[in-house]
Protein chains: 4
Amino acid sequence: MAGVNKVILLGNLGADPEVKYLEGDKVVANLSLATTEAYNDRNGNRVEQTEWHDLELWDQQAKIAEKYLKKGSQIYVEGKIKSDKWTDEQGQNRKKTKIRVLSFTMVGGRPDGMGNPNPSPPQSDTSSPSSKPTTSMSSGGGPDISLDDADDDLPF
Amino acid sequence: MAGVNKVILLGNLGADPEVKYLEGDKVVANLSLATTEAYNDRNGNRVEQTEWHDLELWDQQAKIAEKYLKKGSQIYVEGKIKSDKWTDEQGQNRKKTKIRVLSFTMVGGRPDGMGNPNPSPPQSDTSSPSSKPTTSMSSGGGPDISLDDADDDLPF
Amino acid sequence: MAGVNKVILLGNLGADPEVKYLEGDKVVANLSLATTEAYNDRNGNRVEQTEWHDLELWDQQAKIAEKYLKKGSQIYVEGKIKSDKWTDEQGQNRKKTKIRVLSFTMVGGRPDGMGNPNPSPPQSDTSSPSSKPTTSMSSGGGPDISLDDADDDLPF
Amino acid sequence: MAGVNKVILLGNLGADPEVKYLEGDKVVANLSLATTEAYNDRNGNRVEQTEWHDLELWDQQAKIAEKYLKKGSQIYVEGKIKSDKWTDEQGQNRKKTKIRVLSFTMVGGRPDGMGNPNPSPPQSDTSSPSSKPTTSMSSGGGPDISLDDADDDLPF
DNA sequence: TTTT
DNA sequence: TTTT
């Protein structure tokens, strides 16, 4: 019975979040996240390998993603592997694997992009702290309450 | 500010849990967990190195630990690093680091020991399923609700 | 570019390892690992959900898996998500996701089954230590050298 | 024997790295890393709690840290808990816990700050890639070769 | 397909 | 102090 199914990712979004509002107040966001690994092959050449991950976020987290994330955003993610199975038109068994995100946090750069249309003075770079979004997990610490279960206020 | 503070341990208890019942229905359990790493040193000799971790569990988890864990139990633990600071009698700043357990699960062997007083027939070995304890996390999956926040029924 | 792509699993094998010896001394093992999560649905009923993971191990680790693991074995795994992409006969883009195992360790029960043919006396239960396999990682500690890079001796 | 002792941190440095060059070409760097967790207490007030971690890096990683990290740098870290024990002047048993870093990667902002004295054109922001430092782990992926074991070239 |  |  006891099992562990944990995924930890740190990477960048390949596109803006795709958000769908479903009936019954449900919201789902799909993100495409790239994790890139670089190493030297045996000829000493630098090689980069990128893996693309399909992320799925629900409800409160989906809303936060919609509001603060966009193409290029760097995020840290915790979640679990979850696969859908079905039979396709050819009668073949199919399986699609995605990451169900349990919590995430933006890292590095301010969430903006739009938010800072005139970054002319160099120091404006770090100036506006602009509260980076974190969904519950924060320091990996708290009880990791799913935002689904939390009240509906944005955490900032 | 976004942060992550996560600890993952898999090891054995060096002693039975120490459980204290505090006022106000609070319960705390302290566990001593060994994680042992083995490697070959540069002379090719096998070396074992054991690290001892002080774990702290609260409330529901503390009760589960008291009920199912004992010296020698092997557990998987997720938690965070948490340190206490104080000034000792010499006026020195002191700091003690422990692991605040957010979830754990027993692995391998049936939780028993006691639970299986007459294991004479070999096959009795696997017979009594005896439900291994898991605290919420299970497959690393669920919303990781802290047991503090859950209702008071044991999860099995 | 910095990225993190990490998977942590704890579960049971649904079948014996499938091992293939390739040309050039390469060995690959495929494992099917179940991680089961249990929770109470909103009607208070106990629900179990099992996720099946396709694991891929290479070379030294594949050999260790072949030698010590079998259907039912409980293992702790660290690895990364890795997907293969191809075009199927219908000209459709296809993608299959698997876990490339970087290290694993057996947990709980002695690796045997076979290994302990006459466990008649109860105490024989714990007697034959029978060295549980671990691939490098051990306490998550060492440099996590891939076994591919290590010499060819089994670590026990 | 099999154990897991793993720490994952994402936070900011409270000070510049302290680097010491020892005899025999050994180098050690000590970092102080803050992970901050924010939550609402039961009165609905926002509370921030910061945990400070003592990190220890060796050799190649120490050099990279010295070169690229400084007060305020945000890093992702993987390592293990490691404690030193000794007897103090009062004859008391003492124990100090630190994190032995196995790999780390800078996140977010380009490593410098200083490094980009004339970022006048807005787009220069993302132009100079300025190779963020990563120590082996990259996408959590590779064999996680300890830099101690790697050749002495900086990985960028 | 595992495990409890 | 555990475990192998």
Side-chain angles (χ1 to χ4, degrees), chain A residues 1-5 85 93 95, chain B residues 9-18 30-39 46-55 68-75 77 105-113 115 126-134 138-139 155-156, chain C residues 9-18 30-39 46-55 68-75 77 105-113 115 126-134 138-139 155-156, chain D residues 1-5 85 93 95:
Chain A
M1 185 198 326
V4 174
N5 171 1
K85 286 177 176 172
N93 288 328
K95 182 184 181 182
Chain B
L9 304 173
L10 177 60
N12 299 278
L13 297 188
D16 290 345
E18 290 180 15
N30 289 284
L31 306 182
S32 186
L33 183 81
T35 55
T36 303
E37 175 181 4
Y39 60 92
R46 198 71 182 159
V47 181
E48 280 207 354
Q49 217 163 345
T50 294
E51 181 72 30
W52 287 96
H53 308 269
D54 293 322
L55 311 185
Y68 293 99
L69 303 183
K70 57 169 198 178
K71 182 174 175 173
S73 295
Q74 188 183 24
I75 59 174
V77 165
T105 189
M106 269 200 79
V107 292
R110 45 255 163 288
D112 71 58
T126 57
S127 54
S128 70
S130 78
S131 53
K132 284 177 224 139
T134 281
S138 294
S139 89
F156 28 5
Chain C
L9 303 173
L10 178 58
N12 299 277
L13 297 188
D16 291 346
E18 288 181 16
N30 289 284
L31 307 181
S32 187
L33 183 82
T35 56
T36 303
E37 176 182 3
Y39 60 92
R46 198 72 183 159
V47 181
E48 280 207 353
Q49 217 164 345
T50 294
E51 179 73 28
W52 287 96
H53 308 270
D54 293 323
L55 311 185
Y68 294 99
L69 303 184
K70 57 169 198 177
K71 183 174 174 171
S73 295
Q74 189 183 24
I75 58 174
V77 166
T105 189
M106 270 200 79
V107 292
R110 43 253 163 289
D112 73 59
T126 56
S127 52
S128 71
S130 78
S131 53
K132 285 180 224 136
T134 280
S138 293
S139 89
F156 29 4
Chain D
M1 187 201 321
V4 174
N5 171 1
K85 286 177 176 172
N93 287 329
K95 182 184 181 182

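Below, chain A is the first sequence line, B the second, and so on; all start at residue 1.
Between E:dT2, F:dT3, E:dT1, one nucleotide has an atom nearer to the side chain of B:Glu48 than all others, and that is F:dT3. Of the candidates F:dT1, F:dT3, E:dT1, the closest approach to any side-chain atom of D:Lys85 belongs to F:dT1. Here E:dT2 is the nucleotide among F:dT2, E:dT2, F:dT1 with the atom lying nearest to any side-chain atom of C:Ala34.
Nucleotide F:dT3 holds its P atom 17 Å from the CE atom of C:Met106, rounded to whole Å. Separating the CG atom of B:Asn12 from the P atom of F:dT1 is a distance of 16 Å, rounded to the nearest angstrom. Summarising the geometry, the separation between NZ on D:Lys95 and P on F:dT1 is reported as 14 Å, rounded to the nearest angstrom. We find that NZ of C:Lys71 is positioned 5 Å from P of E:dT2, with the value rounded to whole Å. B:Leu31 places its CG atom 15 Å from the P atom of F:dT3, with the value rounded to the nearest Å. Rounded to an integer number of Å, the gap from C:Leu10 CG to E:dT2 C1' is 12 Å. In this structure, C:Leu55 atom CG and E:dT1 atom C1' are separated by 13 Å, rounded to whole Å. One atom, NZ of B:Lys70, and another, C1' of F:dT3, lie 14 Å apart when rounded to the nearest Å.
A donor-acceptor contact under 3.5 Å links the side chain of C:Ser32 to the base of E:dT1. Residue side chain B:Thr50 does not reach the base of F:dT3 through any donor-acceptor N/O pair under 3.5 Å, judged by distance alone.
Residue-level contact check: C:Gly72 touches the backbone only, with heavy atoms under 4.0 Å from sugar-phosphate atoms and none from bases.
For the atom pair CD1 of C:Ile75 and CG of C:Leu9, the computed distance is 8.5 Å after rounding to the nearest 0.5 Å. Summarising the geometry, atom CG belonging to B:Leu33 is positioned 10.0 Å from atom OG belonging to B:Ser73; distances are rounded to the nearest 0.5 Å.
Nearest heavy-atom pair, B:Arg46 versus B:Ala38, reported as atom, atom and distance to 0.1 Å: NH2-CB, 3.7 Å. Nearest heavy-atom pair, B:Ala34 versus B:Thr50, reported as atom, atom and distance to 0.1 Å: CB-CG2, 3.7 Å.
For C:Trp52 and E:dT1, the ring-to-base geometry satisfies the stacking test (centroid distance below 5.5 Å, interplanar angle below 30°).
Distance alone, capped at 3.5 Å, places no donor-acceptor pair between the A:Asn5 side chain and the C:Thr35 backbone.
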